[in-house]
Participant: 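What follows is a single structure, and I will ask about it in a moment.
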Amino acid sequence: MANVAVIGAQWGDEGKGKVVDWLASRADLVVRFQGGHNAGHTLVVGEQTYKLSLLPSGVVRGKIGVIGNGVVLDPQALLDEIAKVAAQGLTVGPDNLRIAENTPLILPLHPALDRAREAARGGDKIGTTGRGIGPAYEDKVGRRSIRLCDLAEPETVSKKLDELLLHHNSLLRGLGAPEFEKQGLLDQIMGWAPQLLPFAEPVWERLDEARRSGKRVLFEGAQAVMLDVDHGTYPYVTSSNTVAGNAAAGSGIGPDAVGMVLGIAKAYSTRVGSGPFPTELHDAIGQRLGDRGREFGTVTGRRRRCGWFDACMVRQAVKIGGIQGLALTKLDVLDGLAELKICTGYRVNGEAMRRLPFAMSAQAAAEPVYEVMEGWSGSTAGARSYAQLPAAAVKYVRRIEELVEAPVVLLSTSPDRDDTITLRDPFAG
């Protein structure tokens with residue numbers, strides 16, 4: 001049996017939570033390898049709805065959850081999330097959650113800088129969650145992060161804080177924002193130590209043992225390919241690499257162990273925050289997609305922008321992200337539409353393109369070229385086999401496969417994890 005890496009194939013919010021939950025029931029370990037608590041996965045398990053931001057989805061299925069070194073970890077956000085799921089009857093402790101000891105921490109000064117920068121940008125906001133993800137990654141590559149393992153060495157934390165405050169207070173001062181005082185921050189950080197250190201371990205050893213013993217590992221991505229810091233719609237992106245190639249570096253395992261790469265895509269398109277969105281709809285259909293799809297961000301609560309399925313963009317994500325199969329979600333949201341459109345390419349300043357260019361002005365100028373397809377009047381909601389789908393719905397899915405050059409291996413027809421049409425088992429490789 002192969003391992004599986006799940007990544008978003010659009011701009012995030014594709015319904016990864018349900019798919020990961022469905023796969024986690026058959027995995028031994030579930031690993032988060034990038035992002036922070038700016039990610040949001042909603043899992044519906046029986047009568048309970050869990051909204052997770054940091055915890056790997058597998059913990060709700062009794063699996064070992066792993067937070068890899070590619071994640072930036074907000075200690076208080078993690079402790080609050082553990083307390084929240086505990087109130088729902090789910091126990092999370094060191095026996096079912098392990099955190100890489102070299103995971104960088106998000107400190108209170110990171111969201112403060114994040115928010116101050118966004119405010120200073122005025123109308124040119126990137127649309128960050130304001131949770132300090134970007135500044136924490138900056139400190140990581142700037143080689144000044146306080147990491148989880150440092151909490152066992154108070155003198156190391158104190159020394160690193162001096163460098164962090166020199167850097168961050170200078171920036172905050174320049175932005176007219178309040179500065180931070182060392183002792184209060186040091187006390188807060190060391191107060192987390194006894195609560196967090198029991199979760200810490202060299203995660204790479206656990207993953208190596210899992211590999212040698214034939215255990216199944218599910219790598220759980222956050223955000224999506226078009227939000228990748230290198231390959232997405234820069235600068236309107238997240239601060240980490242979201243492609244499956246980062247599953248190896250972000251968890252401490254060789255690239256040959258990542259396994260099958262499963263990309264998640266909605267049957268239409270959505271985006272939260274700023275940035276180019278060629279197929280965005282500003283009409284009644286866009287409103288209908290948002291209403292029927294309940295398109296509100298799990299983390300931010302912001303209404304998502306909605307539009308037609310962009311096959312050109314998803315094809316690009318398939319190629320860049322190494323996606324070998326797609327899980328297509330929310331097909332039922334399209335029920336009842338007489339006509340559907342699929343973007344097959346763009347016109348950029350008069351030039352035909354079959355890719356979304358990287359340059360900012362070119363991205364903003366991209367105009368979609370559509371192919372029109374017949375909709376369906378019947379219902380796809382709750383379908384669990386192709387035989388239960390209207391013929392036009394099957395034709396729509398098949399056309400998406402042709403255009404993105406990847407097979408649809410899973411088809412989701414409702415938020416319920418069992419309302420899934422399985423065309424190929426991702427764990428079979």
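Any value given below was found using the heavy atoms of this structure, including those in side chains, with hydrogens, waters and symmetry copies removed. Sequence positions, counted from 1, serve as the residue numbers for this chain. As the structure is a computational prediction, the values presented were derived from the model and not from experiment.
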Participant: Tell me whether R131 is salt-bridged to D114, with the criterion being a basic N under 4.0 Å from an acidic carboxylate O.
Facilitator: no
Participant: Can a salt bridge be assigned to the pair K84 and D80 using a cut-off of 4.0 Å between side-chain N and carboxylate O?
Facilitator: no
Participant: Identify whether the distance between the nearest side-chain nitrogen and carboxylate oxygen of D419 and R384 falls below 4.0 Å.
Facilitator: yes
Participant: Do the side chains of D291 and R303 get close enough for a salt bridge, i.e. N-O under 4.0 angstrom?
Facilitator: yes
Participant: Going from CG on L148 to CD1 on I99, what distance comes out if it is rounded to the nearest 0.5 angstrom?
Facilitator: 6.0 Å
Participant: Nearest 0.5 angstrom please: L90 CG to I82 CD1, how far?
Facilitator: 10.0 Å
Participant: Could you measure the distance from the CE atom of M360 to the OG1 atom of T233? Nearest 0.5 Å is fine.
Facilitator: 9.5 Å
Participant: Are L389 and L331 side-chain neighbours, meaning at least one heavy-atom pair lies under 4.5 Å?
Facilitator: yes
Participant: Would you call R117-E138 a salt bridge at under 4.0 Å N-O?
Facilitator: yes
Participant: Can you name the salt bridge (charged side-chain N to carboxylate O under 4.0 Å, His left out) partners of E153, sequence neighbours left out?
Facilitator: none
Participant: Under a 4.0 Å N-O cut-off, is there an ion pair linking E209 with R206?
Facilitator: no
Participant: Considering the options T242, V261, L262, I264, which one meets the side chain to side chain contact (heavy atoms under 4.5 Å, CB included) requirement together with I7?
Facilitator: V261
Participant: Salt bridge or not between E201 and R98? Use side-chain N to carboxylate O under 4.0 Å.
Facilitator: yes
Participant: Counting C-beta onward and ignoring hydrogens, is there a side-chain heavy-atom pair between W11 and R304 closer than 4.5 Å?
Facilitator: no
Participant: Using side-chain heavy atoms (C-beta onward) and a distance below 4.5 Å, is T380 in contact with L411?
Facilitator: no
Participant: Between the side chains of R115 and E118, is the shortest nitrogen-to-carboxylate-oxygen separation below 4.0 Å, so that they form an ion pair?
Facilitator: no
Participant: Is the Lys NZ or Arg CZ of R26 less than 6.0 Å from the centre of F427's six-membered ring, within 45° of the axis?
Facilitator: no
Participant: Please tell me whether K18 and S412 have a donor and an acceptor in their side chains that are separated by less than 3.5 angstrom.
Facilitator: yes
Participant: Using 30° and 60° as the class boundaries, would you call the ring planes of Y396 and F309 parallel, tilted or perpendicular?
Facilitator: perpendicular
Participant: Tell me whether the count of non-hydrogen atoms from other residues, nucleotides or ligands lying under 6.0 Å of OH in Y234 goes above 12.
Facilitator: no
Participant: Quiz question: by atom type and distance under 3.5 Å, do the side chains of Q10 and D310 form a donor-acceptor pair?
Facilitator: no
Participant: Do F180 and L107 come within less than 4.5 Å of each other through their side chains, counting heavy atoms only?
Facilitator: no
Participant: Would you say the side chains of Q76 and Q188 form a donor-acceptor pair under 3.5 Å?
Facilitator: no
Participant: Do the non-hydrogen side-chain atoms of L55 and L78 ever get within less than 4.5 Å of each other?
Facilitator: yes
Participant: Looking at OG of S239 and CG of D228, how far apart are the two atoms once the value is rounded to the nearest 0.5 Å?
Facilitator: 11.0 Å
Participant: Decide if atom CH2 of W192 counts as having more than 12 heavy atoms of other residues, nucleotides or ligands within a radius under 6.0 Å.
Facilitator: yes
Participant: Taking side chain as C-beta onward, heavy atoms only, is W204 less than 4.5 Å from N69?
Facilitator: no
Participant: Can you name the salt bridge (charged side-chain N to carboxylate O under 4.0 Å, His left out) partners of D162, sequence neighbours left out?
Facilitator: K182
Participant: About how many Å separate CD of Q223 and OG1 of T238, when rounded to the nearest 0.5 Å?
Facilitator: 4.0 Å
Participant: Can a side-chain donor-acceptor contact be found between H168 and D139 if the only test is distance below 3.5 angstrom?
Facilitator: yes
